[in-house]
Each structure stands twice: as structure tokens, then as C-alpha cells.
Protein chains: 2
Amino acid sequence: MARPPRFDTEQLLDAAVRLAASGGPASVTMSAVAQAVGAPSGSVYHRFSGRPALLAEVWLRTVERFQESYTAVLRSHDDPPLAARAASRHVIAWSRHHPEEAALLLYGAADFDRAHWSPEHTARADAGNRRTFTAVHDLGEALGANGEQARERITLALIDLPLSIVRRHLRAGAELPPHAEDLAEQCTAALLPPGTAPATPATGKPPARDSGPEEQHRGDRDPV
Amino acid sequence: MARPPRFDTEQLLDAAVRLAASGGPASVTMSAVAQAVGAPSGSVYHRFSGRPALLAEVWLRTVERFQESYTAVLRSHDDPPLAARAASRHVIAWSRHHPEEAALLLYGAADFDRAHWSPEHTARADAGNRRTFTAVHDLGEALGANGEQARERITLALIDLPLSIVRRHLRAGAELPPHAEDLAEQCTAALLPPGTAPATPATGKPPARDSGPEEQHRGDRDPV
DNA sequence: ACGGTATTGGAGACATGCCTCTAATAAATT
DNA sequence: AATTTATTAGAGGCATGTCTCCAATACCGT
């Protein structure tokens, strides 16, 4: 029905990821992406309505790819402490396997011009964040984390801490060392609520306790 | 002997900090800084040889201010675990007191165009980083951290973890809550090497043990 | 009062990036 | 083969930013 595309969306996004990873979000310009794939700028505008749309798609594709695998790991173990450790390791392993996309995760949606996104893109980001926060908080509850501060600690242990390890190495321009998974897992384990089983054998988790009227988390903050 | 300056260096850097905090390093342009203080662009170029110099100065002034107070805290306690906890709290308190400068710390030198800095600026950055790493690693040794992985864990506990708390709140556009210091201190304490005193009373630290031929840390990575 | 000098004030050349618009192109459908 | 249609191809207007340059300025020490 029509001429076949020479430059498809994925190809352009791949180039955008490379640019963002090496030079930060500011360096992913419409012309830079076009030049990176050898296309005229018009072809880029044919796929994306403008720079905010391109930035939104790069960010969302990357974050959603990460979040999907991450939340899957979060839910893949029956034993909560085990799930927590596995999640921590997963952040490292995923980043090692996708160093350029991991470099993107170290920024925030704001750096990708979230202020100018379309309502659809914003909603997509919020939905993904909400799902991820829900998965994290569910595991937190299973771990016995109650209250605002305990939840913050869980987020720290499951997301921020492993990401910090990634950040330190990627910022230095280095690859993630082999022991990074162990380090992340140990640190995450150390941050789990006291009384949590320190090793493999599962302790009976405390009876599910109604947590009362607690405020809902906001979906518009990036977990990563 | 000469006409008095209407726009001095500090004033321009202050404006640059505000711009960087609100819109990221990319938004601190020569013209934006000039406009922010009501100066013609020529006056900005009178103080800074170009954009890389301006970015370097903003970054270095901010990081050096932080590092100075931070290393002071690191060395201010005789009891190593106490010093570690105090350092963690200090990161939070400093960030709460200087939210705009703290927002800068969440970026890296690379985001402030380190690639185009003068050798002098680069050397200044390296020197500050080296001093900070030294202070952190000294405390790490006093805490019994030996080996590469143990040192990484110390850096994580003393720097990355409290900074993660700051990042999460500032990225969300919120102020640091009152309990942030407690959270940071508790998490830092949980990450200290096992056997470290969990509470106030100081345990006798293990006899200083020669750590053998270990590689020196590199001063060109940002601790923050 | 006067000259020296750091600084302001601002015009403008040059580069880059965003985005629009129009024409050419090439495959799929009929 | 003719038609349709998504796409390429690229010129060009507009805005913004970097940096240079030069004259005007206002204070200082003498």
C-alpha cells in the first residue's frame, strides 16, 4: 500500500539511546538522531511529532523495558526476603546487559523534558510508575514494612541502592564488576526490616496485619 | 583604580546554581545567566572565558563547599561508627539547608561539560575528589573495611545511600522530610561492616592491620 | 581635577537546532 | 500499467546560543 520505511521507529530510538547514554539527554537532538542513522531530519519528524515526543518515547521505552523485567522478578519468589535479594541482583544484571539503557535510568523523566510531554505520554509514565511502586510496596508489606519510613527504606533497599552501584560504575566509564551482584544483594539484605531472615531458609512471615488508613503513593514519581 | 563591578563572580555563579537546580545543567547558558542577573552577555564573558569555564566553576564551587563540610564531619568523631552515622546525617542536613546546591550534586561532572574543562579545573576536581575518597577510605579502614568490595560498601553507606534519599525527594520536587536524617543514619548503620557496634558505646577497634598491596583509588571519579 | 583601568553595554557574526513545507520516490493494490 | 499512499529527501525560516569586538562608563589613586 505504500513505500516501505528505510528508518523505522525502533531504529531511531536505538540511536537516541546511544546518544543519551554517551552525552546525556541534552545531546539527543532531532538532527543528531537523524545524522546518527543517516536520515534527513524530515524522516525523524515523520515518526515523532517533535523533540518532546522523541524524548518521551526514548525514556518510556527504556523504563518500561526495565520495569517489566524488574516487577516480574519482584513477584517471582514466594519467600519475600529471597525476592528482595533477587530484585537487587536483577538491577545489576540488567544494567550490565544493557549498559546504554542503564545509563538512561540514572537520569529522571524531568531530564527528558517531561514538562512538555503530551498527556498520553505522561499518563503512560504514571501508569508504569504506579505499577512498579505497587509491586515494591506489596513486597515491602510482605517483609513487614509498615509506615511511611519503613516503605521508604524498602524503596531504598530494592531500587535506589542497587541503582547507586550502577551509577557509580557507569559514571566512572567502567563496566560493572563481577562482584557487583553480591555487593548489591548483601547491602539490600542488610537494609531489610530487622527480624527478616538473613539467609535462605524462609521464616514464617508474620500474620498479615491490616495497615490501617495509609496514604496512597503517588504514581507520578519515578521509582528509578 | 577602576570601575567597580556591578555583577561579580559569586552573583553570576549563584544565578547559575539556580538555573541548574531548576532546569538541569543544560539550561545554564551564558545568556540565561546574564539575563538572570540583568547583565549583558559581555559581562558574563568578562568573568568566565566561556561556557565550559562557567560550568566548571559552578560545579566546583558547589562540590567543594559540600566536600569541605562533609570531610570535616567524617573526621570530627573519635568513634568510627559514630562518625559514619554523623556523616550520613550530614548529607541530609546539608541538602535540606542548600536544596539548590544539593540538586547539583545529583548530577555528575560530566553533565557540567567536564570534557571541555581546562586542565586547571580538571585538576581542581581531581584534587577534591581524592581528598574526599581518602577521608572516606580512612574511616572505612577504621571501621574494619578491607578489600575492594568492603570499600565499595563503605562508599555506598557513607555517600551514595544518603544521596539516594536526597535524590528521591528532590526529584519529586519535595523538601526533605524531618525523618530523613534518621532514615539515613539507620540505613548507613545497617551497612557498616558486621561486628561494628550497633549503638553509641564504642567498641575497641581491631588492631590496625596492614592491608597489603592494594590498588590506590582514582581521584578522577566523583564521590558525589 | 585628571588620567588610568576594570567594567559595562550592546551590536552583530556565526553556528546549531527545531520545525515546516514541498517535491520526489517506491512499493502495494487494483 | 495506473493509482494510491506512506515515506524519503532536503531546502529554508525562525529562534536561540556562543563568542567577539568596541565604545561608553564610572570609579580609583594621585
Side-chain angles (χ1 to χ4, degrees), chain A residues 1-59 107 110-118 121, chain B residues 1-59 107 110-118 121:
Chain A
M1 195 209 215
R3 175 177 180 173
R6 269 190 49 188
F7 313 103
D8 68 350
T9 304
E10 297 298 302
Q11 192 182 354
L12 296 175
L13 289 181
D14 289 344
V17 166
R18 277 195 301 278
L19 288 166
S22 75
S27 73
V28 36
T29 67
M30 300 300 266
S31 20
V33 170
Q35 196 176 2
V37 302
S41 70
S43 293
V44 181
Y45 281 93
H46 187 72
R47 306 286 175 188
F48 304 98
S49 66
R51 190 168 178 257
L54 169 64
L55 290 175
E57 297 277 356
V58 191
W59 172 258
Y107 290 98
D111 297 308
F112 285 82
D113 205 16
R114 185 184 163 132
H116 297 119
W117 288 2
S118 70
H121 283 140
Chain B
M1 194 202 211
R3 175 174 181 174
R6 268 191 47 186
F7 313 103
D8 68 352
T9 304
E10 297 299 301
Q11 192 182 353
L12 296 175
L13 289 181
D14 289 344
V17 166
R18 278 195 299 277
L19 288 166
S22 75
S27 73
V28 34
T29 67
M30 300 300 266
S31 22
V33 170
Q35 197 177 1
V37 301
S41 70
S43 293
V44 182
Y45 281 93
H46 188 72
R47 305 285 175 185
F48 304 98
S49 66
R51 189 168 179 259
L54 169 66
L55 290 175
E57 297 278 358
V58 191
W59 172 258
Y107 290 99
D111 297 309
F112 285 83
D113 205 16
R114 183 184 165 130
H116 296 119
W117 287 2
S118 71
H121 282 139

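Please read all numbers here as calculations on a predicted model, not as lab measurements. Numbered from 1 within each chain, the chains take letters A, B, ... in sequence-line order.
- Candidate nucleotides D:dG10, C:dC18, D:dT18 were compared by shortest atom distance to the side chain of B:Ser31, and D:dT18 ranks first.
- Atom P of nucleotide D:dA15 and atom CE of A:Met30 are separated by 19 Å, given to the nearest angstrom.
- Side-chain N/O atoms of B:Arg6 include one lying less than 4.0 angstrom from OP1 or OP2 on C:dG9.
- Rounded to whole Å, the distance from CZ on A:Arg3 to C1' on C:dA26 is 6 Å.
- Within residues 41-57 of chain B, the residues having any heavy atom under 4.0 Å from DNA chain D are, by residue number, B:Ser41, B:Tyr45, B:Gly50, B:Arg51.
- Checking side-chain atoms of A:Arg51 against main-chain N and O of A:Val28 turns up a donor-acceptor pair under 3.5 Å.
- Nearest heavy-atom pair across B:Ser27 and B:Gly24 is OG-O, 2.8 Å.
- Separation of atoms CD (A:Glu57) and CH2 (A:Trp117) is listed at 9.5 Å; rounding is to 0.5 Å.
- Distance A:Phe7 CZ to C:dT25 P: 16 Å, rounded to the nearest Å.
- Each of C:dG9, C:dC19, D:dT7 was ranked by its minimum atom distance to the side chain of A:Pro5; first place goes to D:dT7.
- Distance, A:Gln35 CD to D:dA9 P: 15 Å, rounded to whole Å.
- A straight line from CG of B:Asp113 to P of D:dG17 spans 16 Å, rounded to a whole angstrom.
- Within a 6.0 Å radius of CD in A:Gln35, no more than 12 heavy atoms belonging to other residues, nucleotides or ligands are found.
- Counting non-hydrogen atoms under 4.0 angstrom, A:Pro40 reaches a base of the nucleic acid.
- Of all the heavy atoms in B:Tyr107 and B:Trp59, the pair that sits closest is O-CH2, 3.4 Å.
- Two residues are said to be in side-chain contact when any heavy atoms from C-beta on lie closer than 4.5 Å; B:Val33 and B:Phe7 fail this criterion.
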